Amino acid sequence: MRVTEHLNRSKETLISFEIIPPKRGGDIKQLLSVLEDLVKYNPPYIDITSHAAEVLYEETSGGEFKMKIKRKRPGTLGICALIQNKYNIDAVPHVICQGFTKEETEDFLIELHYLGIDNVLAIRGDDSGFRKPIKYGRSINKHAADLVQQIADVNKGKYVEDTLIDAEPMDFCIGVGGYPEKHFEAPNLDGDIEFTKKKIDAGADYIVTQMFFDNQKYFNYVDKCRSHGVNVPIIPGLKILTSKPNVNTLPKNFHIDIPEEISSEIQNAKPEHVLDISIEWTAKQVEDLINNKVPAIHFYIMQNSTPVKKLMKKLNL
């Protein structure tokens with residue numbers, strides 16, 4: 001089922017999760033354990049991140065450093081099939097511009113279509129430090145709006161090879177990212193929302209926001225989006241802080257603010273108390289969002305279900 005169908009059919013705020021594939025050579029058992037925890041909360045869908053190849057420098061036995069290009073976290077497609085077939089939960093794979101040609105993206109979409117996967121989240125992806133050489137006759141999606149347009153085109157039966165006759169149309173529900181505190185490359189929030197509107201105009205069906213720790217920033221973002229003519233569902237994304245370093249690393253890596261009230265409390269607390277402090281904060285966020293009738297709440301959990309289990313217990317969800 002399409003994400004937007006889940007949203008339209010539900011009379012209550014939905015809960016969804018986002019996970020990350022294991023590292024190359026890693027054990028799937030940990031992820032299976034996480035999924036077993038998550039399915040207890042009846043999520044209508046689960047997002048699975050995608051990762052492009054990146055530059056890595058590995059030290060040789062001779063003390064020299066050798067550059068390698070590799071994908072550290074393959075497996076998105078397999079995990080999608082696992083989630084849909086074993087747990088009967090809709091999978092939402094992330095489709096990214098970074099590191100993939102349009103032709104490779106089309107192949108991925110065809111495989112998803114054959115698996116009966118109805119949803120994708122289209123994002124540009126982080127800069128991995130590696131610029132993949134583009135072979136003759138191939139092309140790339142530079143921006144997320146370009147990627148959305150490609151997916152919208154295959155939904156109409158329009159493929160990269162435009163000479164195909166009677167090509168089968170697909171029917172993907174397309175999600176995109178949104179930034180309540182603006183994307184770090186945008187000059188201001190209004191300008192960033194105009195970029196988001198281009199993604200909606202290209203065919204996106206809903207927005208999932210970057211994590212935030214101040215609900216008012218989400219509410220202000222929704223109001224601004226509406227004033228810019230962005231009228232699709234906007235799903236808030238939340239992250240539970242789990243350690244003291246999160247207070248510094250998350251703002252650095254994701255270009256977000258953490259309110260002084262919780263950052264000070266965490267920095268002054270004993271390490272073993274950090275999770276409880278964060279659970280209390282996130283619980284207040286969730287209660288406020290539900291009271292304001294948001295369509296869904298999306299939790300970024302990666303491969304650790306313990307924080308969200310504690311949160312759900314506190315909220316009786």
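Just so it is clear, the values below take in all heavy atoms, side chains as well, and ignore hydrogens, waters and symmetry mates. Computed from a predicted structure; not experimentally measured.
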Query raised in the report: Should we count NZ of Lys244 as having more than 12 external heavy atoms under 6.0 Å?
Result: yes

Query raised in the report: Does the side chain of Asp288 come under 3.5 Å of the side chain of Asn292 through a donor N or O and an acceptor N or O?
Result: yes

Query - Close side-chain approach of Val92 and Val120, heavy atoms under 4.5 Å - result: no

Query raised in the report: Are more than 12 heavy atoms from other residues, nucleotides or ligands located less than 6.0 Å from atom CG of Asn88?
Result: no

Query raised in the report: In this structure, which one of Ile266, Ile277, Ile279 forms a side-chain contact (heavy atoms from CB on, under 4.5 Å) with Leu241?
Result: Ile266

Query - side-chain contact (heavy atoms from CB on, under 4.5 Å) between Asn119 and Tyr45, worked out - result: CA-CA 9 Å; Asn119 304 283; Tyr45 56 90; 5.6 Å; no

Requested in this report: Please name the pair of heavy atoms, one in Ala167 and one in Gly157, separated by the smallest distance, quoted to 0.1 Å.
Outcome: CB-O, 3.5 Å

Report summary line: d(Leu35 CG, Ile46 CD1) to nearest 0.5 Å is 5.5 Å

Query raised in the report: Taking the side chain from Ser278 and the backbone from Leu275, do they hold a donor-acceptor pair closer than 3.5 Å?
Result: no

Query - Gln216 versus Asn220, side-chain donor and acceptor atoms under 3.5 Å - result: yes

Query raised in the report: Of Gln150, Glu103, Met170, which meets side-chain contact (heavy atoms from CB on, under 4.5 Å) against Tyr159?
Result: Met170

Query raised in the report: Between Gln210 and His255, does any side-chain donor sit less than 3.5 Å from a side-chain acceptor?
Result: no

**Report entry** side chain to side chain donor-acceptor pair (under 3.5 Å) between Tyr221 and Glu181, intermediate numbers included
**Finding:** CA-CA 8 Å; Tyr221 177 71; Glu181 299 177 63; over 6 Å; no

Query raised in the report: Which heavy atom of Leu121 sits nearest a heavy atom of Val208, and at what distance?
Result: CD1-CG2, 4.2 Å

Query raised in the report: Does a side chain donor of either Tyr87 or Glu36 reach within less than 3.5 Å of an acceptor in the other side chain?
Result: yes

Requested in this report: Would you indicate whether Phe184, at its atom CZ, is surrounded by more than 12 heavy atoms from other residues, nucleotides or ligands within a distance under 6.0 Å?
Outcome: yes

Query raised in the report: Does some side-chain heavy atom of Phe213 sit less than 4.5 Å from a side-chain heavy atom of Ile256?
Result: yes

**Report entry** Heavy-atom closest contact (Val232 atom, Ala204 atom, distance)
**Finding:** CG1-O, 4.0 Å

Query raised in the report: Do Leu250 and Met211 have side-chain heavy atoms sitting under 4.5 Å apart?
Result: yes

**Report entry** Glu5/Arg9 salt bridge by N-O under 4.0 Å criterion
**Finding:** yes

**Report entry** Closest contact, heavy atoms only, Tyr179 versus Leu189
**Finding:** O-CD1, 3.5 Å

Requested in this report: Enter the distance from Glu280:CD to Leu311:CG here, rounded to the nearest 0.5 Å.
Outcome: 10.0 Å

Query raised in the report: Can you tell if the side chain of Val3 reaches within under 4.5 Å of the side chain of Asp118, non-hydrogen atoms only?
Result: no

Query raised in the report: What heavy-atom pair brings Ile301 and Val34 nearest, and what distance separates the two atoms?
Result: CD1-CG1, 4.0 Å

Requested in this report: State whether the side chain of Ser139 and the backbone N or O of Lys102 hold a donor-acceptor pair below 3.5 Å, judged by distance alone.
Outcome: no

Query raised in the report: Pro22 versus Ile28: any side-chain heavy-atom pair under 4.5 Å?
Result: yes

Report task. Take Val274 and Thr242, measure what side-chain contact (heavy atoms from CB on, under 4.5 Å) needs, and give me the verdict at the end. Result -> CA-CA 6 Å; Val274 170; Thr242 58; over 6 Å; no

Requested in this report: Only one of Glu261, Gln267, Glu260 passes side-chain hydrogen bond (donor to acceptor under 3.5 Å, both in side chains) with Ser264; say which it is.
Outcome: Glu260

Query raised in the report: Are any non-hydrogen side-chain atoms of Leu82 and Leu31 less than 4.5 angstrom apart?
Result: no

Query raised in the report: Do you know which two heavy atoms are closest between Phe17 and Ile15, and how far apart they sit?
Result: CZ-CG2, 3.7 Å

Query - Minimum side-chain heavy-atom gap Phe212-Leu238 below 4.5 Å - result: yes

Requested in this report: Would you indicate whether the side-chain heavy atoms of Leu109 and Ile151 approach each other to under 4.5 Å?
Outcome: yes

Requested in this report: Tell me yes or no: between the side chains of His298 and Glu18, is some donor less than 3.5 Å from an acceptor?
Outcome: yes

